[in-house]
There are 2 protein chains.
Amino acid sequence: MGVDLDGPEPMYEQIADVIAARIADGTYPPRRRIPSEAGLCEEFGVARPTARSAIRLLVERGLVVTVRGKGSYVAEG
Amino acid sequence: MGVDLDGPEPMYEQIADVIAARIADGTYPPRRRIPSEAGLCEEFGVARPTARSAIRLLVERGLVVTVRGKGSYVAEG
DNA sequence: GGAAATTTGTTCGTATGTATA
DNA sequence: TTATACATACGAACAAATTTC
């Protein structure tokens, strides 16, 4: 699915890119929730800090917003 | 803030000295929490292992104790 | 209302690899 | 070779907000 564990980019960046692509193609529409940290851990086989780093990157890019106790949501386009 | 990045002492030692001075002058009183590792990273512009080395030095000197999941605290005088 | 599960927030513990002096 | 420093990654504990039953 595009995550190349042997690639030069860190895993959290590759995961963020996968999520960003899903946002771009409408898999995750605006205002919808993206998978939880635990969900990303399971899907990509990484630890929670790594999943969190990916989400942090998406937040920095303005693609998602996170709400404590609820989840992370696709920012409104 | 007294940290001389061009000085002969390693950064982690200088950071530890700064914290030790704050403990001595009462800025961080006994049983109070000192800044987290992330806080030291931001304040002194270093990476986490370096901040941890500084704290390790303070623990070795008996000035602070660290508790997993909570933080590092000034030892009781 | 209350208890439990889910989810994110924060923090320290540990390990590996890379780069530099 | 050793010491220092950074980046990455996994593990674990504690905390707080939210949702669900």
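A note on names: the letters A, B, ... follow the listed sequences, proteins ahead of strands, and every chain is numbered from 1. Computed over heavy atoms, backbone and side chain alike; hydrogens, waters and symmetry mates excluded. These figures come from a predicted structure and were not determined experimentally.
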Distance-only side-chain donor-acceptor flag, A:Arg22 / A:Tyr28, under 3.5 Å: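 Result is yes, a qualifying pair exists.
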
Can you figure out which of [options] approaches the side chain of [X] most closely?
X	options	answer
A:Arg68	C:dG13, C:dG9, D:dA5	C:dG9
A:Arg52	C:dC12, D:dT8, C:dT10	C:dT10
A:Lys70	C:dT10, C:dT14, D:dT19	D:dT19
A:Ala47	C:dT11, D:dG11, D:dC6	D:dG11
B:Thr50	D:dA5, D:dG11, C:dT11	D:dA5

Could you check whether B:Ser72 gets within reach of a base, just the sugar-phosphate, or nothing at all, counting any heavy atom under 4.0 Å? sugar-phosphate

Without decimals, in angstroms, what is the distance between [X] [atom1] and [N] [atom2]?
X	N	atom1	atom2	answer
A:Ile34	C:dT8	CD1	C1'	12 Å
A:Leu58	C:dT8	CG	P	13 Å
A:Arg33	D:dT19	CZ	P	11 Å
B:Arg56	D:dA5	CZ	P	10 Å
A:Glu37	D:dG11	CD	P	15 Å
B:Leu40	C:dT11	CG	C1'	12 Å
A:Phe44	D:dC10	CZ	C1'	17 Å
A:Glu42	C:dT6	CD	P	12 Å

With a 4.0 Å cutoff (strictly under), does any side-chain N or O of A:Thr66 reach OP1 or OP2 of C:dG9? yes

Would you compute the distance between atom OG of A:Ser72 and atom CG of A:Leu63 and round it to the nearest 0.5 angstrom?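 It is 12.0 Å, given to the nearest 0.5 Å.
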
Counting only distance, no hydrogens or angles, is the base of C:dG9 paired donor-acceptor with the side chain of A:Arg48 under 3.5 Å? yes

Residue met sooner reading DNA chain D from 5', once A:Gly69 and A:Val46 are mapped to nucleotides: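 Taking each residue's closest nucleotide, the earlier one in sequence belongs to A:Val46.
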
Select from B:Tyr12 and A:Glu13 the residue whose nearest nucleotide in DNA chain D is closer to the 5' end of that strand.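 It is B:Tyr12 whose nearest nucleotide is closer to the 5' end.
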
Main-chain N/O of B:Glu9 paired with B:Gln14 side-chain donor or acceptor, under 3.5 Å: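 Looks like yes, one N/O pair under 3.5 Å.
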
Check: A:Pro49 main-chain N/O paired with A:Ser53 side-chain donor or acceptor under 3.5 Å: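 Judged by distance alone, yes, a pair lies under 3.5 Å.
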
Quick check: on DNA chain C, is the nucleotide nearest B:Pro49 upstream (toward 5') of the one nearest B:Ile55, or the reverse? Name the residue that is more 5'.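 The residue mapped nearer the 5' terminus is B:Ile55.
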
